[in-house]
Student: 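After the structure tokens below, expect a handful of questions from me.
In what follows, residues are counted from 1 in the order of the sequence shown.
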Amino acid sequence: MLVSNEDDGTVTLSGGEVKTGETTDEAIIREFKEESGLDDVKVIKLIAVIENFLKYKDLDYHQFIYVYSLDLKNQSLNLPTLTREEKMFTKWVDVTSLNSINFRPSIINEILLNYTKNRNPEILHIVNRQD
């Protein structure tokens with residue numbers, strides 16, 4: 001799994017903004033390539049949509065997070081070494097270590113743990129209000 005550590009210590013799933021005319025699954029493949037160097041990925045399924053209400057630098061935000069399951073088209077590829085980019089550090093994390101990661105928003109932990117255990121076919125829609 002590809003995760004990002006931001007300068008403020010926040011741990012998030014890798015991703016980014018959707019460009020005009022781009023679908024969310026196209027955006028995650030583009031972002032994955034930008035952050036990992038791998039362009040040999042495919043979307044397996046949309047796992048969840050999170051409507052995240054948060055306050056950042058005294059401003060209110062309504063953020064949409066699309067959580068996708070991805071897979072490498074070529075399973076024999078070695079994962080590349082990653083470097084620091086922009087204001088975050090991206091790294092590979094083994095799915096078995098999910099319990100030791102404190103994602104923001106924290107609901108991501110629950111979504112990922114549920115998916116790895118059940119491979120739940122239903123797409124979750126979660127409204128999350130951060131303090």
Student: Would a 4.5 Å heavy-atom cut-off, applied to side chains only, mark L70 and I28 as touching?
Tutor: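 The answer is yes, as the side chains (C-beta and beyond) meet within the 4.5 Å cut-off.
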
Student: Assigning hydrophobic clusters by single linkage (Ile, Leu, Val, Met, Phe, Trp, Tyr; side-chain heavy-atom cutoff under 4.5 Å), is I29 placed with V49?
Tutor: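 Yes, I29 connects to V49 through the hydrophobic network.
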
Student: Determine, for D60 against K55, whether the closest basic-nitrogen to carboxylate-oxygen distance falls under 4.0 angstrom.
Tutor: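 Result for this pair is yes, salt bridge flagged.
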
Student: Roughly how far, to the nearest 0.5 Å, is the CD1 atom of I107 from the CD1 atom of I126?
Tutor: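 One gets 4.5 Å once the value is rounded to the nearest 0.5 Å.
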
Student: Between the side chain of Y68 and the main-chain N/O of D25, is any donor-acceptor distance below 3.5 Å?
Tutor: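 Here the side-chain-to-backbone pair exists.
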
Student: By ring pair (Phe, Tyr, Trp, His ring centres under 6.0 Å), which residues pair with H62, not counting sequence neighbours?
Tutor: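 Ring pair (Phe, Tyr, Trp, His ring centres under 6.0 Å) list for H62, sorted by chain: F53, F64.
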
Student: Which residues pass the ring pair (Phe, Tyr, Trp, His ring centres under 6.0 Å) test with Y56, not counting sequence neighbours?
Tutor: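 None.
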
Student: Distance-only, no hydrogens or angles: does the E34 side chain make a donor-acceptor pair with backbone N or O of E31 under 3.5 Å?
Tutor: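 Here the side-chain-to-backbone pair does not exist.
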
Student: Starting at CD1 of I47, measure out to CG of L124 and round the result to the nearest 0.5 Å.
Tutor: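 Atom-to-atom, I47:CD1 and L124:CG are 8.5 Å apart.
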
Student: Can you tell if the side chain of R30 reaches within under 4.5 Å of the side chain of K19, non-hydrogen atoms only?
Tutor: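 Of all side-chain heavy-atom pairs linking K19 with R30, at least one is under 4.5 Å.
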
Student: Which atom pair, heavy atoms only, marks the closest approach of A27 to E22?
Tutor: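 Minimum heavy-atom separation between A27 and E22: CB-OE1, 3.4 Å.
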
Student: Looking only at non-hydrogen atoms, find the nearest pair between S36 and L2 and report the distance.
Tutor: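 Distance-wise, the nearest heavy atoms are CB-CD2, 3.9 Å.
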
Student: Pair V41, D71 - check side-chain contact (heavy atoms from CB on, under 4.5 Å), show working.
Tutor: CA-CA 6 Å; V41 296; D71 202 359; over 6 Å; no

Student: Applying side-chain contact (heavy atoms from CB on, under 4.5 Å), run through H125 and V127 and close with a yes or a no.
Tutor: CA-CA 7 Å; H125 174 225; V127 176; 4.3 Å; yes

Student: Locate the shortest heavy-atom distance separating V18 from T23; write the atom from each residue and the value.
Tutor: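 Shortest heavy-atom separation between V18 and T23 comes out as CG1-O, 4.2 Å.
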
Student: Give, for atom OG1 of T12 and atom CD1 of I65, the distance between the pair rounded to the nearest 0.5 Å.
Tutor: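 If I round to the nearest 0.5 Å, the distance is 8.5 Å.
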
Student: Check salt bridge (Lys or Arg N to Asp or Glu O under 4.0 Å) between E26 and all other residues, then give those that pass, not counting sequence neighbours.
Tutor: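 Checked E26 against salt bridge (Lys or Arg N to Asp or Glu O under 4.0 Å); zero matches.
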
Student: For V3 versus S14, what's the shortest heavy-atom pair and its separation?
Tutor: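 Scanning both residues completely, I find the closest heavy atoms to be C-OG, 3.6 Å.
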
Student: Run I50 and V67 through side-chain contact (heavy atoms from CB on, under 4.5 Å) and show every step you take.
Tutor: CA-CA 8 Å; I50 305 168; V67 182; 4.1 Å; yes

Student: How many angstroms lie between atom CD of E122 and atom CG of N114, to the nearest 0.5 angstrom?
Tutor: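 Here the interatomic distance stands at 10.0 Å.
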
Student: Would a distance-only check, ignoring hydrogens and angles, find a side-chain to backbone donor-acceptor pair under 3.5 Å from N109 to I101?
Tutor: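 At least one qualifying donor-acceptor pair exists.
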
Student: Can you find a pair of side-chain heavy atoms, one from Y61 and one from N52, that are under 4.5 Å apart?
Tutor: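 No; the side chains remain at least 4.5 Å from each other.
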
Student: Would you confirm whether N5, through its side chain, and V11, through its main-chain N or O, come within 3.5 Å as a donor-acceptor pair?
Tutor: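 Side chain of N5 to backbone of V11: no pair is present.
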
Student: Between Y115 and E110, does the side-chain contact (heavy atoms from CB on, under 4.5 Å) criterion hold? Intermediate values first, please.
Tutor: CA-CA 9 Å; Y115 183 72; E110 186 178 329; over 6 Å; no

Student: Please check: side-chain N/O of T116 versus main-chain N/O of L113, any donor-acceptor pairing under 3.5 Å?
Tutor: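 Checking the backbone N and O of L113 against the side chain of T116, a donor-acceptor pair under 3.5 Å is found.
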
